[in-house]
Amino acid sequence: MAAKSKYKEQAIKFVEAMTAGEQQIGFAKAFGVMPSRQSVRDQYTGAFPADKPFIDGVEYAQGPVNAPKMDSVLRDLEAGLQGLATGDPKTILSTFDKNAKAALGG
C-alpha cells in the first residue's frame with residue numbers, strides 16, 4: 001500500500017481482516033484455497049485431511065523463477081511434464097537443464 005495514501009489505515013485494516021485466521025478458513029471452505037497463515041494449519045488440515053501433503057510441502061516449496069528469459073524455458077518444461085505419461089523423464093529434465101543454463105548464461 002502506498003505510504004502517502006490518505007486511506008492507509010483502512011488499507012491496513014482490510015489486509016488484517018482478509019488474513020485473519022477465521023477468514024482464511026472461510027476462504028478455504030468457500031473457494032478451496034489453502035490458507036496463507038501457518039497459525040490455522042491444524043484447523044485447515046482437520047477440515048481438509050486430504051490436503052495435508054500440500055500443507056506439509058510448504059516447508060520446502062519455492063516460488064517461481066523470475067529470471068529473465070526463463071518464461072519460455074518454464075513453458076517448455078510444463079509441456080514436457082504434461083506429456084510425462086508417454087514421455088521420458090530423463091529427456092525432459094535434460095532439456096530443461098540445457099535450456100535453463102542457456103537462459104541464465106551458464
Side-chain angles (χ1 to χ4, degrees):
M1 69 195 71
K4 295 181 181 181
S5 171
K6 62 181 178 178
Y7 301 108
K8 186 175 179 180
E9 186 178 325
Q10 292 91 335
I12 290 170
K13 287 181 180 181
F14 176 75
V15 170
E16 288 172 346
M18 293 297 103
T19 58
E22 262 183 46
Q23 189 63 52
Q24 293 285 294
I25 294 299
F27 288 149
K29 290 177 179 176
F31 309 116
V33 296
M34 293 189 300
S36 60
R37 303 278 311 257
Q38 289 184 7
S39 62
V40 295
R41 176 185 177 143
D42 292 341
Q43 188 178 355
Y44 177 81
T45 55
F48 303 96
D51 289 353
K52 187 174 182 322
F54 296 104
I55 291 288
D56 291 345
V58 168
E59 292 179 25
Y60 57 84
Q62 296 182 15
V65 177
N66 294 321
K69 302 179 184 178
M70 281 298 291
D71 287 348
S72 62
V73 174
L74 294 173
R75 278 193 301 274
D76 184 61
L77 173 63
E78 184 177 338
L81 293 175
Q82 288 176 358
L84 194 56
T86 58
D88 176 35
K90 288 182 181 181
T91 301
I92 294 168
L93 289 174
S94 174
T95 301
F96 170 73
D97 187 50
K98 180 184 81 172
N99 293 342
K101 285 179 181 174
L104 297 174

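Of all non-hydrogen atoms in Ile55 and Pro35, the two that sit nearest each other are CD1-CD, 4.4 Å. Minimum heavy-atom separation, Pro53 to Pro49: CD-O, 4.4 Å. Nearest approach of Gln24 to Val40, heavy atoms of both residues: CB-CG2, 4.3 Å. For the pair Thr19 and Val15, the tightest heavy-atom approach, listed with the atom from each and the gap, is OG1-O, 2.8 Å. Nearest heavy atom pair, residue Ala103 against residue Val73, reads CB-CG2, 3.9 Å.
Under the 4.5 Å side-chain contact rule for hydrophobic residues, Phe54 and Val58 do not share a cluster. Hydrophobic clustering, with ILVMFWY side chains joined whenever heavy atoms are under 4.5 angstrom apart, groups Val33 together with Met18. Cluster membership check: Leu84 shares its hydrophobic cluster with Phe96, using side-chain heavy-atom separations under 4.5 Å among Ile, Leu, Val, Met, Phe, Trp and Tyr.
Atom CE of residue Met70 and atom CG of residue Asn66 lie 10.0 Å apart, to the nearest 0.5 angstrom. Here the CG atom belonging to Leu81 is positioned 9.5 Å from the CG atom belonging to Asp76, to the nearest 0.5 angstrom. A distance of 15.0 Å separates OH of Tyr7 from CD1 of Ile12, quoted to the nearest 0.5 Å. Distance check, rounded to the nearest 0.5 Å: CE of Met34 to CZ of Phe27 gives 15.5 Å. The CG atom of Leu93 lies 13.5 Å from the NZ atom of Lys98; values are rounded to the nearest 0.5 Å. Here the NZ atom belonging to Lys13 is positioned 7.0 Å from the CD atom belonging to Gln10, to the nearest 0.5 angstrom.
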Take Ile92 and Leu77 through the test side-chain contact (heavy atoms from CB on, under 4.5 Å) and record every step on the way to the result.
CA-CA 7 Å; Ile92 294 168; Leu77 173 63; 3.9 Å; yes
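In this structure, Gln38 places its CD atom where only 12 or fewer heavy-atom neighbours from other residues, nucleotides or ligands lie under 6.0 Å away.
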